[in-house]
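As the structure lists them, so they are numbered: ligands from 1, and atoms in each ligand from 1. Computed over heavy atoms, backbone and side chain alike; hydrogens, waters and symmetry mates excluded.
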Amino acid sequence: MDLKEFKIKLDELISSSDRVFISPHIRADYDALAASIAMSLIVKKLDKEAYIVMGDDIDKMEQGMKTIYNEAKEISSFIFQNKVEQMLTDNSLLIAVDMNKTYLTVCSTFLDRFKNIAIIDHHDSDQDTIVTDYQYIMPKLSSASEILTEMLLLSNVKITSRIADYLLAGIFLDTNKFTKNASTKTMETIYKLTKKGGEIARVTDFFTEDYLVDRKIQNLVSKTRFITYTVAVAIDNTDTLYTREELAKVADYLLKYQNIDATFALGLTNEDIISISARSKGNIDVSDVMREMGGGGNEFSAASQIKDSTLEDTNDKLTRKLVPSCYKFHK
Ligand SMILES: [Mn+2]
């Protein structure tokens, strides 16, 4: 079956279903994620809501994947696998993307509860392949992202530069940087995606984000001051923006030192918001300290966000709370 014919059948199936779920394979990679996001846009174009089903391993995803996931939450609906069963209707459709085996879907334990299942994939099929009449399995194609690019074009879905980046990342991964299984057709797809504003330089950034984030974290770690023998405060006085997660990683990292009881990482998370991430081994209740700074948490892990202040003032305030007597001495 050619893609156009498959697309017509799939469109009908989507339109006649009341809920559409999209399943990338377990431990989704760039190709599975990009193809799932693209598929959700096609479903949306048909005025149906699509839910991309994720496993519970988001935290373990590499940084570039997390970036795509976090950005895509603005345009696609993601749900976790444990929510699917309660959302299922008698007429639900599952679209399996970048895989075709029963055991590779996060929905494997309740596959029989979907009224229909469709498969879009580029891996070989075998005896474990999900049985369905609706399948587009093309082992000769480089990636699910290559297939989905063509489907987006057939559907007249607007491909933004960012969507093009995601799909290029999928192809980049599955072709080992465009060097393996990249046919003339693959190259044509890459060309079309770059015409839509996708940029290979940004794609390679996804794959090096882990390194870049590590470097940022180590840079903040290097700015640590020990305000007492047991309390470490890492603060970046520049206008570098951090995510709360990055600050948490710094606080976590510093806690590994034996003499340290509590750690605090301060930085801007927004132009006008200072965030503090605090960690403790239990001797110092960091939730107390963070509550006084307008935040909260528990004794081991707490945080706060401060508006209308400067990093310097926030640091002073924090230091005063942590060591009132020493502070007087230093002043
Ligand atoms: Mn793939």
**OP:** May I ask you to check whether F207 and Y30 place their ring centers less than 6.0 Å from one another?
**Re:** yes
- request: Establish whether M39 and L153 are linked, either directly or via other cluster members, by ILVMFWY side-chain heavy-atom contacts under 4.5 Å.
  value: yes
**Request:** Look at H123 and state whether any of its N, O or S atoms is less than 2.8 Å from the Mn ion (ligand 1).
**Result:** no
N-O pairing of E150 and K192 below 4.0 Å: yes
Looking at F300, is K281 sitting on its ring face, NZ or CZ under 6.0 Å from the six-membered ring centre and within 45 degrees of the normal?
no
The Mn ion (ligand 1) -> D98, closest N, O or S atom is OD1
Can you confirm whether more than 12 heavy atoms, excluding those of D128, are under 6.0 Å from its CG atom?
yes
- Query: Is the Mn ion (ligand 1) less than 2.8 Å from at least one N/O/S atom of D29?
  - Reply: no
Vertex the Mn ion (ligand 1), ends D174/OD2 and D31/OD2: angle to nearest 10° comes to 80°
Is there an N/O/S atom in D121 at a distance below 2.8 Å from the Mn ion (ligand 1)? no
